[in-house]
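See below for the structure under consideration.
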Amino acid sequence: MLEIQQLRNDLNAVTEALAKRGYTFPVSAFNALEAERKTIQTKTQDLQAQRNAASKKIGHAKSKGEDVTAIMAEVTQFGDELKQAEIQLEQVQQQLQKILLEIPNLPHASVPQGKDETANVQIRDWGTPRTFAFAIKDHVTIGEALGLLDFETAAKLSGARFSVMKGGLARLHRALAQFMLDTHTQQHGYVETYAPYLVNADSLRGTGQLPKFAEDLFTVRAGGNATNDDTNPPFYLIPTAEVPITNMVRDEIVSLQALPLKYVAHTPCFRSEAGSYGRDTRGLIRQHQFDKVELVHLVHPDQSYDALEELVGHAEKILQLLELPYRVMALCTGDMGFSAAKTYDIEVWLPAQNTYREISSCSNCEAFQARRMQARFRNENGKPTLLHSLNGSGLAVGRTLVAVLENYQNSDGSVTIPKVLRTYMNGLDKIESNTEKQNE
RNA sequence: GGAGAGAUGGCCGAGUGGUCGAAGGCGCUCCCCUGCUAAGGGAGUAUAGGCUCAAAAAGCUUAUCGAGGGUUCGAAUCCCUCUCUCUCCGCCA
């Protein structure tokens, strides 16, 4: 959410900045509402002041035992007018709030301008894609040939975009998450966190998924049977751990000494993937349910851009330790997410697709989420001040598994286990088709 | 699931219809005293808005005592709904 002051004082600059990311700000609707708000609010507060003064007089008079019928009559006169004004003000402010909640964040000055992902800018790359002396397979073929990856069973259980993993592959998946958590907690100073997978609507409003992106989410209701009344509001399955973790500071004022707060959490993520029908339908790349290790920073505003670089570095470190080639892209204005002021994507090399694919997205949201959440800290002068929030994948576990399978595949159909993961795999150095039995 | 108790400022805690944005204490800030420290004395100490103003300063003003609704000229206080916390019983991983 943007600051309404900024919209009042400098609407042109805001409109221009939003246009860069392809968002058309409803200028005339906003101006009309603002004018209306000003008139009604002044009137309302005026009447409230009158009422308060009169009520106070009544109190005084009564305590002295004087007659109060005259003053009472006076107040009663404009009582209706006040009630009307209050209702009207409430409506106008709700409409303004609705507009505010749907405006995306302003891009930082350093963000490259562009319409879509073709305008993203490569910042650096790391590692050299391996050359294969045999015909390579994609992760689906590899996993199915090993007998450890099964989409048909998953479809029976749930439907499209789910998966079943078994044996060494399931274990490798777990090993990746463990390895990521251990690296971030032991080497990068994060606090490991376990948080709810079901959250309320306030949390999703806080991080920006609601009200605009409800169709991307799954909802859950107690009792199994869907009812739509307000007395039984739904839970939402988290689309990312960013939601519960960032919202831990919602409506809080943290001390200056506590900053920066750095949290890491390994959670499943649930996304409806509405609007991506037909895209990435094969394999583990785009699932309704996937695991992710998420990094969240809550920092002093002066430090948020340093924190962003640090955060990207932490995610990159995982790929370096796994020896997977990647590149870092600065997203352009048109490709950034709703809440982000600046975003780096990390893309990992997938040989079967002969391209780099997103495996992490690291964003500085500045005060955008904090303003929605009223997440603050006490600054150097003791004043409550909005935090800056950042989040990034460190990394998406399913996609990392895909990258390992494809980059570490062997001509005989086996997959070598990256060195750093072997302690998590009971010393195993290779996954083969009979691994399942060996492991049981 | 059943029975009961509760939610007030950074924290503790008083307040059951009127000058209450809220006593008192703790903490914190500033000042005085003291050779230093301890002790003592004094003052201050919520948040978010609106209006006036070019802006700052300042002034005026509104809202907020878990959330929402209601009664009333007036609600922290009375009524209703909800949320959360705690205690006991039952059940459960």
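Throughout, protein chains are lettered first and strands after them, A, B, ... in sequence-line order, and every chain is numbered starting at 1.
Checked by atom type, the side-chain pair A/His300/A/Glu380 shows a donor-acceptor distance below 3.5 Å. Counting only N and O atoms by type, the side chains of A/Ser304 and A/Asn364 include a donor and acceptor under 3.5 Å apart. At a cut-off of 3.5 Å, with distance as the only test, a side-chain donor of A/Glu406 or A/His139 sits close to an acceptor on the other residue. Side-chain contact, A/Asn52 with A/Ser55: no donor N or O sits under 3.5 Å from an acceptor N or O. Between A/Glu309 and A/Tyr344, the side chains place a donor N or O and an acceptor N or O closer than 3.5 Å (distance only, hydrogens not considered).
Remark: side-chain polar atoms of A/Ser158 are not paired, donor with acceptor, to backbone N or O of A/Ala155 under 3.5 angstrom.
Across the strands present, B/C60 finds its partner in B/G50; the criterion is a Watson-Crick or G-U wobble pair with both atom distances under 3.5 angstrom. Across all strands shown, nothing is found opposite B/U71 as a Watson-Crick or G-U wobble partner with both distances under 3.5 Å. Across all strands shown, B/U77 forms no Watson-Crick or G-U wobble pair with both distances under 3.5 Å. B/G90 makes up no base pair with any nucleotide shown, lacking Watson-Crick or G-U wobble contacts both under 3.5 Å. With a 3.5 Å ceiling on both atom-pair distances, the Watson-Crick or G-U wobble partner of B/G6 is B/C84. Searching all strands for a Watson-Crick or G-U wobble partner of B/A23 with both distances below 3.5 Å returns nothing. When both distances must be under 3.5 Å, the Watson-Crick or G-U wobble mate of B/G35 does not exist. B/C30 is paired with B/G42 under the criterion used here, namely a Watson-Crick or G-U wobble arrangement in which both key atom distances are under 3.5 Å.
A/Lys56 places its NZ atom 9 Å from the P atom of B/A22, with the value rounded to the nearest Å. Regarding A/Met1, its CE atom lies at a distance of 13 Å from the C1' atom of B/G49, rounded to whole Å. In this entry the distance linking CD of A/Gln50 with P of B/C51 reads 19 Å, nearest Å. Between the CG atom of A/Asp251 and the P atom of B/C84 there is a distance of 16 Å, given to the nearest Å. One can place CD of A/Glu90 at 18 Å from P of B/U62, the figure rounded to the nearest angstrom. B/C28 atom C1' lies 15 Å from atom NZ of A/Lys383, rounded to whole Å. Taking atom NZ on A/Lys38 and atom C1' on B/G49, their separation rounds to 14 Å, with Å as the unit. A/Glu252 places its CD atom 13 Å from the P atom of B/G9, with the value rounded to the nearest Å.
Taking only distance into account, the side chain of A/Gln45 meets the base of B/G49 through a donor-acceptor pair shorter than 3.5 Å. Between the side chain of A/Lys62 and the base of B/G18, at least one donor-acceptor pair of N or O atoms lies under 3.5 Å.
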- [ ] Kindly indicate, with the supporting measurements, whether the criterion side-chain contact (heavy atoms from CB on, under 4.5 Å) is fulfilled by A/Leu198 and A/Ile238.
- [x] CA-CA 6 Å; A/Leu198 298 177; A/Ile238 56 169; over 6 Å; no
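An OP1 or OP2 oxygen of B/U61 is reached within less than 4.0 angstrom by no side-chain nitrogen or oxygen of A/Asn52. Put simply, A/Arg51 has no side-chain N or O that comes within less than 4.0 Å of OP1 or OP2 on B/U72. Phosphate proximity of B/U29 to A/Arg378: absent, as no side-chain N or O sits under 4.0 Å from OP1 or OP2.
Using the six-membered ring where Trp is involved, A/His184 and A/His188 have ring planes that are tilted, between 30° and 60° apart.
For the C1' atoms, the distance from B/G9 to B/C89 is 37 Å, rounded to whole Å. B/U8 and B/C65: their P atoms are spaced 12 Å apart (whole Å). Here, B/A5 and B/G66 have their C1' atoms 16 Å apart, quoted to the whole Å. For the C1' atom pair drawn from B/G18 and B/G25, the interatomic distance equals 27 Å after rounding to whole Å. Distance noted for atom C1' between B/U16 and B/A22: 15 Å (whole Å). B/C36 and B/C26 are spaced 24 Å apart, taking the P atom of each and rounding to whole Å. The gap from the C1' atom of B/G17 to that of B/A75 amounts to 7 Å, rounded to the nearest Å. Look at the C1' atom in both B/U81 and B/G24: the space between them is 35 Å, to the nearest Å.
Between A/Gly59 and A/Asp46, it is A/Gly59 whose nearest contact on RNA chain B lies nearer the 5' terminus. Heavy-atom nearest nucleotides on RNA chain B were determined for A/Lys83 and for A/Ile253, and the one closer to the 5' end corresponds to A/Ile253.
Contacts of A/Arg376 with the nucleic acid, taken as non-hydrogen atoms under 4.0 Å apart, involve only primed sugar atoms and P, OP1 or OP2. Across all strands, A/Lys57 comes closer than 4.0 Å to no nucleic acid atom at all (heavy-atom distances). Nucleic acid contact class of A/Gln5 (heavy atoms, under 4.0 Å, all strands): sugar-phosphate only.
Out of B/G18, B/U61, B/U19, the shortest distance to the side chain of A/Ala49 is found at B/U61. Checking B/U19, B/C73, B/C51 against every side-chain atom of A/Arg37, the shortest atom distance belongs to B/C51. Taking the side chain of A/Gln48 as heavy atoms from C-beta on, and the options B/U61, B/U19, B/A63, the nearest nucleotide is B/A63.
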